[in-house]
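All remarks here apply to the structure that follows.
Each ligand, and each atom within it, is numbered from 1 in the order the structure gives.
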Amino acid sequence: MLTKAQEDLFTFTEEDMAAAAARYATPCFVYSLDLARSRWRMLRQALPGRVRLAYAVKSNPGAPLLETFAAEGAWFDCASAGEISAVLAAGGTGSGMVVAGPAKTHRDLQAALYAGARVQVDGIEDVERLQELHTGEAPLRVSVRVHPASGVSESASIIGGAGPSAFGVDEEDLGAFLAAARHHDRVAVTGLQVFSASNELDPGRLLANHRTALRIGQAMHEEHGIELELVDVGGGLGIRYAASEPSLDIWALGAGMGRLLEEHPWFTGELLLEPGRWLSGPCGVYLTRVVRVKQSRGVRFAMLEGGINHLLRPLLTGQSFPVTAPGRSGELTAYTLAGPLCTSLDRLGTGELPVDLQGGDVVAFGQTGAYASTQAMSHFLSHPEPAQHWLC
Ligand SMILES: Cc1ncc(COP(=O)(O)O)c(C=O)c1O
């Protein structure tokens, strides 16, 4: 039985999740495209007009989701040739696409150029390769990704924190990078990307990151004479994984972004926000059945059909997805959630489930529309991949 505080951690009501588990073979993912559309519209409404919105495809590249966002006029943040083709197939356009990645392959760069996307360069090597590959008349307009020296919100395990980074040009090396880039007449740096947050629930901390981006942009403008047309502040908008967590106030975020634009009159271009998780995460649930329940030395295990082959994130971040047993009421107790894989790594964290949980019962994991089906070890131990069902 879900409490009021837990309700928005799950896309569907308990009755609908129980009905979906009866209708579809488990394990499976079930998504709501209606919710994706309404979250897109709500976020769009909360942001000033000068903030463009690109969906970060990596959070969930499902074709129906990409089609839903493309129909809303979304831009897309892609990180591989595969993501670029998925977006084009879904009706997105190259002119509304940014392509990022710390080690872009030749194929990625060619796909980006072919699509007409804006490439975010991560170093002078990217510029050198684009100088060779670009055949258009006018110089190719690119953005440079900068790794700030300080003022970064942490999330070190995902994004890299303030220390050494695989991403971008270190801020202290930006002057040298820009000087070197000027020797490449077929490439023009007209954009900036700074992104250092992940799953952030505090709008103030996201805005601090955005402020850092504009500070770096101002230096590019004043010291290097660059008219920036795009300042990309990445994604990182967080969602609740537990009933005790607050929701991110997107209205405060939008108002803060508006104020930042006013504080930087030198900047006449657009800000780009690239959320993935906030848009797709709440739109999906993962349904699986209990195979058996076991007690071991005082710990109660719920052994499930699916594990890190379907949901790897809890193992990577130490944070469980919210879990419930749809349609079941009664006393709850703590379980360690384990999957079917022959490795003690196969843990989905912990959760409160009914004391009398049994083999065959359904459990649902909420907030699994993002970084779930795509961020899993689906081939490990050769279990079938879970089906994905897209509801309107
Ligand atoms: C360049 C870039 N943009 C956007 C995102 C999306 O982040 P989130 O899903 O946290 O909003 C990521 C995530 O890693 C990223 O690397």
Using distance alone, decide if ligand 1 has a nitrogen or oxygen within less than 3.5 Å of any nitrogen or oxygen in [X].
X    : answer
A100 : no
D77  : yes
R277 : yes
Y371 : yes

Mark yes or no: R313 above the aromatic ring of Y371, with NZ or CZ under 6.0 Å from the six-membered ring centre and no more than 45 degrees from the axis.
no
Ring-ring centroid check [X] [Y], cutoff 6.0 Å:
X    : Y    : answer
Y31  : H389 : no
F321 : Y286 : no
W40  : F69  : yes

Can a salt bridge be assigned to the pair E305 and R289 using a cut-off of 4.0 Å between side-chain N and carboxylate O?
no
Would E229 and R118 pass as an ion pair if we require N to O under 4.0 Å?
yes
Rounded to the nearest 0.5 Å, what separation is found between the CG atom of D122 and the CZ atom of R145?
6.5 Å
Using a strict 4.0 Å cut-off to heavy atoms of [X], name the atoms of ligand 1 that fall inside it.
X    : answer
E274 : 1 (C), 2 (C), 3 (N), 4 (C), 5 (C), 6 (C), 11 (O)
A56  : 4 (C), 5 (C), 6 (C)
R145 : 1 (C)
P275 : 11 (O)

Considering G236, G235, G281, A54, which one's heavy-atom position lies nearest to atom 10 (O) of ligand 1?
G236
If you measure from each non-hydrogen atom of Q193 to ligand 1, which part falls under 4.0 Å: side chain, backbone, both or neither?
side chain
When V57, T93, V99 are each screened for side-chain contact (heavy atoms from CB on, under 4.5 Å) with F76, the one that passes is V57
Among the heavy atoms of W278, does any lie under 4.0 Å from an atom of ligand 1?
no
